[in-house]
Peer 1: 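Sharing a structure below in structure tokens format, with a few things to ask.
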Amino acid sequence: MQILDGKSLSLKIKAKAKEDIKILKAKDVTPGLAVVVIGDDIASHTYVKMKEKACEDIGIYSIVHKMPNDISEDKIIETIQMMNKNPNIDGILIQLPLPKHIDTDRVLQTVTSTKDVDGFHPFNVGKLALNLDTFIPCTPLGVMKLLNHYDINPKGLDVCIVGASNIVGKPMMNLLLNADATVDICHIYTKDLKAHTLRADLLIVGVGKVNLITEDMVKEGAIVIDIGINRKDDGKLTGDVDYENVAKKCSFITPVPGGVGPMTIAMLLENSIKAARSRIND
Ligand code: GUN
């Protein structure tokens, strides 16, 4: 069994990003990222702080707009429209989830597609489905980079994705289809989850449920990617996979923490640099 070490790969990617930024700065372009975080969800604020710190470490200019939970939808839209027009901002990220009274689709559709570093705008979602160059959501893109780094080619593999969210499961499905895998996508209404997971050469899980995937649900020699991030009662982070027992059966597995999480942030940095490059048609 080999560990897919997202932490160490993310450090390599960040070092390369830092060099890329030096080159951009020499051309008078400092990549700028604006992050909007609404409400007081502790996890969201933690993620935003991590993104801010990563930007600072490599020389991306970042600003964080913190808005109260009871902010109006129109005020959010107005703020995004201002950032759309701001020439110093290359990327705009709206931290999800948004408070219940806010129409998430309307907010995400307001971010201009050329600054959509999360790849959540319908235009970019469509481009990904058509396998055209676009902004790709950071978590699934990070998974693809991790697989590639360890020479795992999804072509022809039977893949099972557990979790069909817009930000992880669905873009993951498109990326793997584009890479010629056979993709099976499961969700909360799937009748017999184990029947699906047991067939997978590559099992990708992103649901947010501790120990959802147990040893008996995994094929011998499978590659297991755990996208879940859950906080246990003792405060420690854990994924959706019963790591201790599942790892014994795997050819490769991602740890939590230190697997997909750091890759997500590294991909945000890459997407922000991509956005900044398009400012000068680089
Ligand atoms: N909330 C959980 N994951 C993500 C993500 O990748 N991007 C944004 N914007 N919000 C999230």
Peer 1: Kindly say whether D105 contributes a backbone atom to a donor-acceptor pair with the side chain of D103 at under 3.5 angstrom?
Peer 2: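 Answer holds: yes.
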Peer 1: Evaluate the salt bridge (Lys or Arg N to Asp or Glu O under 4.0 Å) criterion for residues R106 and E73: first the C-alpha distance (whole Å), next the side-chain angles of each, then the deciding distance (0.1 Å), finally the verdict.
Peer 2: CA-CA 9 Å; R106 180 172 172 234; E73 197 172 296; 2.7 Å; yes
Peer 1: Sub-3.5 Å donor-acceptor pair from the side chain of D5 to the main-chain atoms of G259, do we have one?
Peer 2: no
Peer 1: Strictly below 4.0 Å, N to O, side chains only: are D184 and R199 in salt-bridge contact?
Peer 2: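 No.
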Peer 1: Take a 6.0 Å sphere around CD1 of I280 and say whether it holds more than 12 heavy atoms from other residues, nucleotides or ligands.
Peer 2: yes
Peer 1: Got a second to check how far I204's CD1 is from L147's CG, nearest 0.5 Å?
Peer 2: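 The CG atom of L147 is 6.5 Å from CD1 of I204, to the nearest 0.5 Å.
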Peer 1: Among L93, L96, N166, exactly one meets side chain to side chain contact (heavy atoms under 4.5 Å, CB included) together with F120. Which residue is that?
Peer 2: L96
Peer 1: Group every Ile, Leu, Val, Met, Phe, Trp and Tyr by side-chain heavy-atom contacts under 4.5 Å, then state whether F135 and L268 land in the same group.
Peer 2: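 Yes, it is one cluster - the side chains of F135 and L268 are joined through contacts under 4.5 Å.
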Peer 1: Got more than 12 heavy atoms from elsewhere within 6.0 Å of NZ, K16?
Peer 2: no
Peer 1: Should the heavy atoms of other residues, nucleotides or ligands under 6.0 Å from CE of M50 be counted, would the total exceed 12?
Peer 2: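 Counting other residues, nucleotides and ligands, CE of M50 stays at 12 neighbours or fewer.
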Peer 1: Considering non-hydrogen atoms only, spot the tightest contact between G6 and L146 and give its length.
Peer 2: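 Closest approach of G6 to L146: CA-CD1, 3.8 Å.
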Peer 1: For T254, is there any backbone N or O sitting under 3.5 Å from a side-chain donor or acceptor partner on D226?
Peer 2: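 No: the side chain of D226 does not pair with the backbone of T254.
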Peer 1: Going by atom types alone, do T214 and D216 pair a side-chain donor with an acceptor below 3.5 Å?
Peer 2: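 Per modelled atom types, T214 and D216 side chains form a pair under 3.5 Å.
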Peer 1: Has E244 got more than 12 heavy atoms of other residues, nucleotides or ligands less than 6.0 Å from its CD?
Peer 2: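 12 or below, so no.
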Peer 1: Is any side-chain heavy atom of N271 closer than 4.5 Å to a side-chain heavy atom of C138?
Peer 2: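 Contact flag for N271/C138 side chains = yes.
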Peer 1: Who passes side chain to side chain donor-acceptor pair (under 3.5 Å) against N124, sequence neighbours left out?
Peer 2: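 With neighbours one apart ignored, the set is D116, T134.
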Peer 1: Please determine whether the number of non-hydrogen atoms from other residues, nucleotides or ligands lying under 6.0 Å from atom NZ of K7 exceeds 12.
Peer 2: no
Peer 1: Whether the side chain of T197 engages the backbone of M217 through a donor-acceptor N/O pair (distance < 3.5 Å, no angle test) should be reported.
Peer 2: yes
Peer 1: Hey, what do you get for OH (Y243) to CG (N211), rounding to the nearest 0.5 Å?
Peer 2: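 Between Y243 OH and N211 CG, I get 14.0 Å after rounding to 0.5 Å.
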Peer 1: Between S165 and V168 (side chain of the first, backbone of the second, donor and acceptor by atom type, cut-off under 3.5 Å), is there such a pair?
Peer 2: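 Looks like yes, one N/O pair under 3.5 Å.
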Peer 1: Tell me if the CZ atom of R277 is crowded by more than 12 foreign heavy atoms within 6.0 Å.
Peer 2: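 Counting other residues, nucleotides and ligands, CZ of R277 exceeds 12 neighbours.
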Peer 1: Taking K232 for its side chain and V210 for its backbone only, find out whether a donor-acceptor pair lies under 3.5 Å.
Peer 2: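 The answer is no, because no donor-acceptor pair under 3.5 Å joins these two groups.
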Peer 1: Can you check salt bridge (Lys or Arg N to Asp or Glu O under 4.0 Å) on E52 and K49, steps first, answer last?
Peer 2: CA-CA 5 Å; E52 212 182 346; K49 271 200 202 103; over 6 Å; no
Peer 1: How long is the span from the CD1 atom in I71 to the CD atom in E78, to the nearest 0.5 Å?
Peer 2: 9.5 Å
Peer 1: So I229 and L237, side-chain contact (heavy atoms from CB on, under 4.5 Å) or not? Walk me through it.
Peer 2: CA-CA 6 Å; I229 303 180; L237 289 180; 3.8 Å; yes
Peer 1: Heavy-atom count check: over 12 atoms from other residues, nucleotides or ligands less than 6.0 Å from L130 CG?
Peer 2: yes
Peer 1: Taking the side chain as everything from C-beta on, heavy atoms only, tell me whether M263 gets closer than 4.5 Å to I13.
Peer 2: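 Result yes, sub-4.5 Å side-chain heavy-atom pair found.
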Peer 1: Applying the side chain to side chain contact (heavy atoms under 4.5 Å, CB included) criterion to L212, which one of L193, V241, N230 satisfies it?
Peer 2: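 So the option named by the test is L193.
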Peer 1: Under 3.5 Å, is there a donor on one side chain and an acceptor on the other for D40 and N69?
Peer 2: no
Peer 1: Specify the closest pair of heavy atoms between M83 and K115, including all atoms of both residues, with the distance to one decimal.
Peer 2: O-NZ, 3.0 Å
Peer 1: State, yes or no, whether a side-chain contact exists between D240 and I227 at a heavy-atom distance under 4.5 Å.
Peer 2: no
Peer 1: Taking it one step at a time, do I76 and L98 satisfy side-chain contact (heavy atoms from CB on, under 4.5 Å)?
Peer 2: CA-CA 11 Å; I76 301 170; L98 298 181; 5.7 Å; no
Peer 1: Taking the side chain as C-beta and beyond, is there a heavy-atom pair between I213 and V218 under 4.5 Å?
Peer 2: yes
Peer 1: Would you name the heavy atoms of P31 and I60 that are closest together and state the gap between them?
Peer 2: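 For P31 and I60, the tightest heavy-atom pair comes out as O-CG2, 3.5 Å.
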Peer 1: What's the spacing between N84 CG and I92 CD1 if we round to 0.5 Å?
Peer 2: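 Rounded to the nearest 0.5 Å, the CG-CD1 separation comes out at 4.5 Å.
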Peer 1: Spell out, as yes or no, whether a donor-acceptor pair under 3.5 Å connects the side chain of K66 to the backbone of V36.
Peer 2: no
Peer 1: So does G39 get a backbone contact from the side chain of H45, meaning a donor-acceptor N/O pair under 3.5 Å?
Peer 2: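 Yes, the answer is positive, given that a donor and an acceptor are paired below the 3.5 Å cut-off.
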Peer 1: Please identify which of these residues, D90, N88, T114, meets the side chain to side chain donor-acceptor pair (under 3.5 Å) condition with R279.
Peer 2: D90
Peer 1: Might you confirm whether atom CG of D233 has over 12 heavy atoms from other residues, nucleotides or ligands at distances under 6.0 Å?
Peer 2: no
Peer 1: What distance separates M144 CE from I225 CD1, expressed to the nearest 0.5 Å?
Peer 2: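 One gets 10.0 Å once the value is rounded to the nearest 0.5 Å.
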Peer 1: Could you give the distance from NE2 (H149) to CG (L9), rounded to the nearest 0.5 Å?
Peer 2: 5.0 Å
